[in-house]
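Scroll down for the structure; my scribbles are underneath it.
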Amino acid sequence: MKRKRQEKPSSVLAANLGAIHLDISGNREVIVEGNRGVLEYTETSIKLNAGKYIVAFSGRGLHILCISECDVVIRGFITSIEYLM
Amino acid sequence: MIVRWMRWMFGYTAFRVEGKFPERFLNLAARRGLNLWKLHGKEQEITGCARTVDLPELQQTAARTQNRLHIIRGHGLPHLFRQYRHRCGLLVGALIFAVFCRVMSCFVWSIHIDLPDMINEYELRQLLREQGFAEGARISDLDIDYLINRTAILDNRISWMTINLTGTNAEIRVSPNLAKNLVRKDESRVSNLISSADGTVTSVKVRNGTAMVKAGEGIRKNQLLVSAVMEYNDGTTMIVDSDAQILAKTSRSVRLSIPDTVIRYQPTGKTVEKSELVFCGAAFPLSLQSTPEGLYDSRLVSRQLTLLGNTIPVYCRTRIYREYTKTPVTVGQQQAERILQNRLSLYEVFMLSEASESRILQKNTKVTKGTDGYTLRTNYEIEEDVCQRTVLELEEPEELTEEESSEQRQE
């Protein structure tokens, strides 16, 4: 049975601005809301599609803790976050 | 914690996705609402976990994104059941054990009593057993308050008592009744006091009744000392329960003898132990030893076992046999005298008990040797309480009719 697609992103801000929302805890964990897909996934680099741009996380031991339709939780040792247009 | 527990309850699977673009698999799976966690990515390979029920959809997703899905391992309760589905005996055994523990917890298995020295533990346990409180009694059938009150009434040495039930353990605490006169008097009893021996009265103390003798008088055995009939100055008479202490000088002689050859039993030092486990009335032997033959004495030691500090309804009973040898020994004069004196001392201790307030005034001892052995003869002059109670049986007066009672009045 096909599941119903979730229409709205979980973040209110993201819903209003159509932007991705990042919740960063130090440099060890990031909760990303409004994610539209994973473009690259390795231990040193994770790139997410944010719609108008790409968010790139660089570091060591990066892994996705859990992933749902719109949200991603990334853990690891994050050294940089870049917005790529 | 709850999320982890829920995942384990419903079961989850660890998987590995291989392909050129495993990220596509992630995106499609996420878009389909499939929850994935513990994801680790390497080059062209992603490992993670997902719910077991989502596995068919994951396989479809992997096929659609041109990736290969490999199942690493299943976790959780459904996988456990599948793993042990041919070993249902384990589950049945676990259920039986759980039911057994539940049933056994409805009974009392350990009774610990904390009581003072003046009350015998064995007697108290017997008393409680007669009222249905013993090891193996069902907890729901016990009325603790009634039990406590009834026990205190039946044994007047108990001042107060408490029974605490903790699981299958019962803790009983007893406080003694320190009142001096614990002997119940029968209020309806009437009695005389007669002499228990011949002698000469030295002291008369009458608490109830009429004294029939004085100090200095000679008395015979079974002579009336205190009468139950009391006459008052106003002419009325009453029949009472006599109570008095009358001390008299009496004579007593004792004869003790011992053969010149006695059999002495000496332990050889050899012991044999036979143990068994007792559970629910059934005994399971722990040793293959048989009962030894020969001259042995035995004693039984019973010990209740504990598990992690808690007493369990399992007892270890050990019967210890000690071997003896019989040796005939010839008794010499001095040894015989010593043995006879020891026996005489024991006799004197029992004869001169605190209750009778007796004391020895004079003692004359002589040891003689005969053909059978040695004989000790002792003549005592003792001052003791010679009162002996005889209960009077009184007939119930017949009820008079009105005519008879009026005739009596006229007379």
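Everything quoted here is computed from the prediction, not taken from an experiment. Just the heavy atoms: all of them, side chains too, but no hydrogens, waters or symmetry mates, feed the values below. Chain identifiers are assigned alphabetically (A, B, ...) following the order of the sequence lines, protein sequences preceding nucleic acid strands; residue numbering begins at 1 within each chain.
The local environment of CZ in B/Arg7 is crowded, with over 12 non-hydrogen atoms from other residues, nucleotides or ligands closer than 6.0 Å. Within a 6.0 Å radius of CD in B/Gln66, no more than 12 heavy atoms belonging to other residues, nucleotides or ligands are found. The environment of CZ in B/Phe10 is sparse: at most 12 heavy-atom neighbours from other residues, nucleotides or ligands sit within 6.0 Å. In the displayed structure, B/Met1 atom CE is contacted under 6.0 Å by at most 12 heavy atoms of other residues, nucleotides or ligands. Residue B/Phe81 qualifies as open at atom CZ: its count of foreign heavy atoms under 6.0 Å is 12 or below.
Nearest heavy-atom pair, B/Leu39 versus A/Tyr41, reported as atom, atom and distance to 0.1 Å: O-OH, 2.7 Å. The two residues A/Ser68 and B/Ala30 come nearest to each other via the heavy atoms O-CB, 3.1 Å. Heavy-atom minimum distance, B/Arg31 versus A/Arg36: NH2-O, 2.9 Å.
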For side-chain contact (heavy atoms from CB on, under 4.5 Å), just list the numbers for B/Leu26 and A/Ile64, CA-CA rounded to whole Å, side-chain angles, deciding distance to a tenth of an Å, and then say yes or no. CA-CA 10 Å; B/Leu26 281 184; A/Ile64 295 176; 4.1 Å; yes
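Contact of A/Ile46 with chain B is not made at all, since no heavy-atom distance falls under 4.5 Å.
Of the residues considered (A/Val73, A/Thr42, A/Val72, A/Leu65), A/Leu65 shows the highest number of contacts with chain B, using heavy-atom pairs under 4.5 Å.
In this structure, NZ in B/Lys38 is found 11.0 Å from CZ in A/Arg75, a value given to the nearest 0.5 Å. How far CG of B/Leu34 is from CD of A/Glu69: 10.0 Å, rounded to the nearest 0.5 Å. Residue B/Asn35 holds its CG atom at 8.0 Å from SG of A/Cys66, rounded to the nearest 0.5 Å. Between B/Asn27 atom CG and A/Leu39 atom CG the span is 7.0 Å, to the nearest 0.5 Å.
With sequence neighbours excluded, no residue forms a side-chain hydrogen bond (donor to acceptor under 3.5 Å, both in side chains) with A/Asp23. Applying the side chain to side chain contact (heavy atoms under 4.5 Å, CB included) rule to B/Thr65 yields the partners B/Arg24, B/Phe25, B/Leu28, B/Asn67; only residues at least two apart in sequence or on another chain are considered.
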